[in-house]
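Here is the structure we will look at.
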Amino acid sequence: MPVNRNALIRYRTIDKCLQNRRRKWTIEDLMDACNEALYEYEGMDSNISMRTIRLDLNAMRSDSLGYNAPIVVISKKYYTYEDADYSIANIPLTTQDLGILQEVSDLLRQFKGFSHFNEVSEMVNRLEDKIHSEQYRQAPVIDFEKNELLTGIQWLDILYKAIVNKTTLLLSYQSFKARAANDVVFYPYLLKEYRNRWFILGMKKQGKEIITFALDRIQNINLLDKELFIQHKHFDPHTYFDNIIGVTRNYAESPTTVVFWASQYHAPYIKTKPLHPSQKIVEEVKGGTHFSIEVIPNFEMERELIGFGEGIKVLSPNNIVRQIKRKVRLMHELYE
């Protein structure tokens, strides 16, 4: 059954008291100990009733919490554990408990990089240690995509807070093409993850368009608390990515229909995992399938199409066909 935080504090406090066999514990002593614990952990200047402590003792004795604590009363006055080695902390976890805890642990680890979860890190480590100590060793049955060598995630928290608090930033940013970092006054709007890499979308000071920076290319961030934060009038994070694959968008272009052929070997994969939500089957042809997508052409789209190698051929429009041909020719020359 659900147990609130205050009740858990009382159970743990009573448990510690009853483990201490060098002292005799009356119900009044347990009341005082629980009041002190609640003040220490919750800042509550409470006055717990004798009835509450009696209910706690009964709950710990019962199977409702899974404790089945061997609490006995000596001389009709003093409470203790009949088993000197007993503690509610030593209750073994069920298989179902272990499974749920492992799922929670895996989920929490996905938030690595946010200070909101810094205090959770130690708890997760203890949780996993508890799981492994309770559970026989076995191969994992679920594995999240992750990159332990990923750089730039140290900026996640400061960027997140800047977006929430609408704080202007001074970014020191060096693209892969630049020889040195440049300082940019920046209004951050949205954090975006794409293929296990993080990006920040926003607008430069005196700029008009949304730009995208990769977190792994940021060298430094300073908060400009006194600088006015300007919100882009037309940026909508719910629709911004509707017409693109990936994260980069060229405002000078409009969505265009890209038609491509996929071999009979690759077509099933593309059908079950579309390249874009707009993807449609144009027709089934001998040896494969014709697909179409309605997107704004960008680098990620080209990389996606080229990534299928000989399994995809772009049919239209002509400008994208020429671009793909040029890159394929350059690839071919590398192997000559």
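Please read all numbers here as calculations on a predicted model, not as lab measurements.
A centroid separation of less than 6.0 Å is found between the aromatic rings of F235 and Y240. Ring to ring, F308 and F260 are not that close: their centroids are 6.0 angstrom or more apart.
Transitive grouping of hydrophobic side chains (ILVMFWY, heavy atoms separated by less than 4.5 Å) keeps V295 and V282 in distinct clusters. Linking ILVMFWY side-chain heavy atoms closer than 4.5 Å, directly or via other members, places L57 and Y78 in two distinct hydrophobic clusters. Both I296 and I245 are members of a single hydrophobic cluster when ILVMFWY side chains are connected at heavy-atom separations under 4.5 Å. Under the 4.5 Å side-chain heavy-atom criterion for Ile, Leu, Val, Met, Phe, Trp and Tyr, I53 and I74 are members of distinct hydrophobic clusters. Hydrophobic cluster membership differs between L275 and Y265, with clusters built from Ile, Leu, Val, Met, Phe, Trp and Tyr side chains linked at under 4.5 angstrom.
For the pair W25 (side chain) and N20 (backbone), a donor-acceptor distance under 3.5 Å is present. Side-chain N or O atoms of Q154 include one that pairs as donor or acceptor with a backbone N or O of G152 at under 3.5 Å. At least one donor-acceptor pair under 3.5 Å links the side chain of H276 to the backbone N or O of D242. Of the possible polar contacts, one joining the D15 side chain to the I88 backbone as a donor-acceptor pair under 3.5 Å is found. Between the side chain of H232 and the main chain of K208, a donor-acceptor pair closer than 3.5 Å is present. The backbone N or O of I48 sits less than 3.5 Å from a side-chain atom of N35, completing a donor-acceptor pair. Without hydrogens or angle criteria, D56 side chain to Y11 main chain gives no donor-acceptor distance under 3.5 Å.
The two atoms that bring V321 and S316 nearest to each other are CG2-N, 3.8 Å, heavy atoms only. Counting all heavy atoms, side chain and backbone alike, T248 lies closest to N298 at O-ND2, 2.7 Å. Considering every non-hydrogen atom in both Y79 and R61, the closest pair reads CE2-NH2, 4.0 Å. Nearest heavy-atom pair across I244 and G246 is CD1-O, 3.8 Å. Considering all non-hydrogen atoms of both residues, M60 and Y67 come closest at O-CB, 3.3 Å. Between T212 and L201 the shortest heavy-atom distance is OG1-CG, 3.7 Å.
Because its NZ or CZ atom is not both nearer than 6.0 Å to the ring centre of F199 and within 45° of the ring axis, K192 does not count as a cation-pi partner of that residue. A cation-pi contact, defined as under 6.0 Å to the ring centre and within 45° of the axis, links R217 to F176. At least one cation-pi condition fails for R249 and F241: the charged atom is not both under 6.0 angstrom from the six-membered ring centre and inside a 45 degree cone around its axis.
Side chains of E294 and T256 form no contact here, defined as non-hydrogen atoms less than 4.5 Å apart. Residues I71 and E82 form no side-chain contact, since every pair of their non-hydrogen atoms from C-beta on lies 4.5 Å or further apart. E300 is listed as a side-chain neighbour of R303, based on a closest heavy-atom distance under 4.5 Å. For the pair T167/K161, no side-chain contact is recorded, criterion being any heavy-atom separation below 4.5 Å from C-beta on. Annotation: side chain of I200 is in contact with side chain of I163 (closest heavy-atom distance under 4.5 Å). In this structure, I270 and K273 have side chains that are not in contact, with every pair of non-hydrogen atoms separated by 4.5 Å or more. Annotation: side chain of W155 is in contact with side chain of I221 (closest heavy-atom distance under 4.5 Å). Annotation: side chain of Y39 is not in contact with side chain of C34 (no heavy-atom distance under 4.5 Å).
Within 6.0 Å of the CZ atom in R51, the count of heavy atoms belonging to other residues, nucleotides or ligands does not exceed 12. Around the NZ atom of K327, the shell of radius 6.0 Å holds more than 12 heavy atoms that belong to other residues, nucleotides or ligands. Counting non-hydrogen atoms of neighbouring residues, nucleotides and ligands closer than 6.0 angstrom, the CD atom of E283 exceeds 12 such neighbours. Around CZ of F229, the count of heavy atoms belonging to other residues, nucleotides or ligands within 6.0 Å exceeds 12. A 6.0 Å sphere centred on CD of Q264 holds no more than 12 heavy atoms belonging to other residues, nucleotides or ligands.
Note that OG of S87 is 9.5 Å distant from NZ of K16, once rounded to the nearest 0.5 Å. Taken to the nearest 0.5 Å, the OG1 atom of T168 stands 7.5 Å off from the CD1 atom of I230. Taking OG1 from T13 and CG from L30, the interatomic distance works out to 9.5 Å, rounded to the nearest 0.5 Å. Of the inter-residue distances, the one linking D32 atom CG with N47 atom CG reads 9.0 Å to the nearest 0.5 angstrom. If you take CE on M50 and CG on L55, they are separated by 12.5 Å, rounding to the nearest 0.5 Å. One distance of note links CD1 of I320 with NZ of K325; it measures 14.0 Å at 0.5 Å rounding.
Screening residues 170-190 for side-chain hydrogen bond (donor to acceptor under 3.5 Å, both in side chains) gives no qualifying pairs among residues at least two apart or on separate chains.
When hydrophobic side chains of Ile, Leu, Val, Met, Phe, Trp and Tyr are connected at separations under 4.5 Å, L170 ends up clustered with V185, L224. In the hydrophobic clustering, L330 connects to no other residue, as no ILVMFWY side-chain heavy atoms lie under 4.5 Å from its own.
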(message) Go through it in stages, so that I can follow the logic: the residues are I14 and C17, the test is side chain to side chain contact (heavy atoms under 4.5 Å, CB included), and I'd like the CA-CA distance, side-chain angles, deciding distance and then a yes or no.
(response) CA-CA 5 Å; I14 293 172; C17 292; 5.6 Å; no
(message) I'd like to know whether T80 forms a side chain to side chain contact (heavy atoms under 4.5 Å, CB included) with V72, so could you lay out the CA-CA distance, the side-chain angles of the two residues, the decisive distance to 0.1 Å, and finally the verdict.
(response) CA-CA 6 Å; T80 188; V72 294; 3.7 Å; yes
(request) Start with the C-alpha distance between K271 and E284, add both sets of side-chain angles, then the distance that settles salt bridge (charged side-chain N to carboxylate O under 4.0 Å, His left out), and finish with yes or no. (result) CA-CA 12 Å; K271 289 178 181 177; E284 300 287 350; 3.0 Å; yes
(message) If you apply the rule side chain to side chain contact (heavy atoms under 4.5 Å, CB included), what do you find for W261 with I312, and how did you get there?
(response) CA-CA 6 Å; W261 167 88; I312 275 185; 5.9 Å; no
(request) Step by step, work out the side chain to side chain contact (heavy atoms under 4.5 Å, CB included) result for I324 and R326. (result) CA-CA 5 Å; I324 299 294; R326 185 182 71 83; over 6 Å; no
(request) List the steps and the verdict of salt bridge (charged side-chain N to carboxylate O under 4.0 Å, His left out) for R23 and D29. (result) CA-CA 10 Å; R23 174 177 172 179; D29 294 331; 3.5 Å; yes
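At a threshold of 4.0 Å, the pair E304-R195 counts as salt-bridged, since one of the basic side-chain nitrogens sits closer than that to a carboxylate oxygen.
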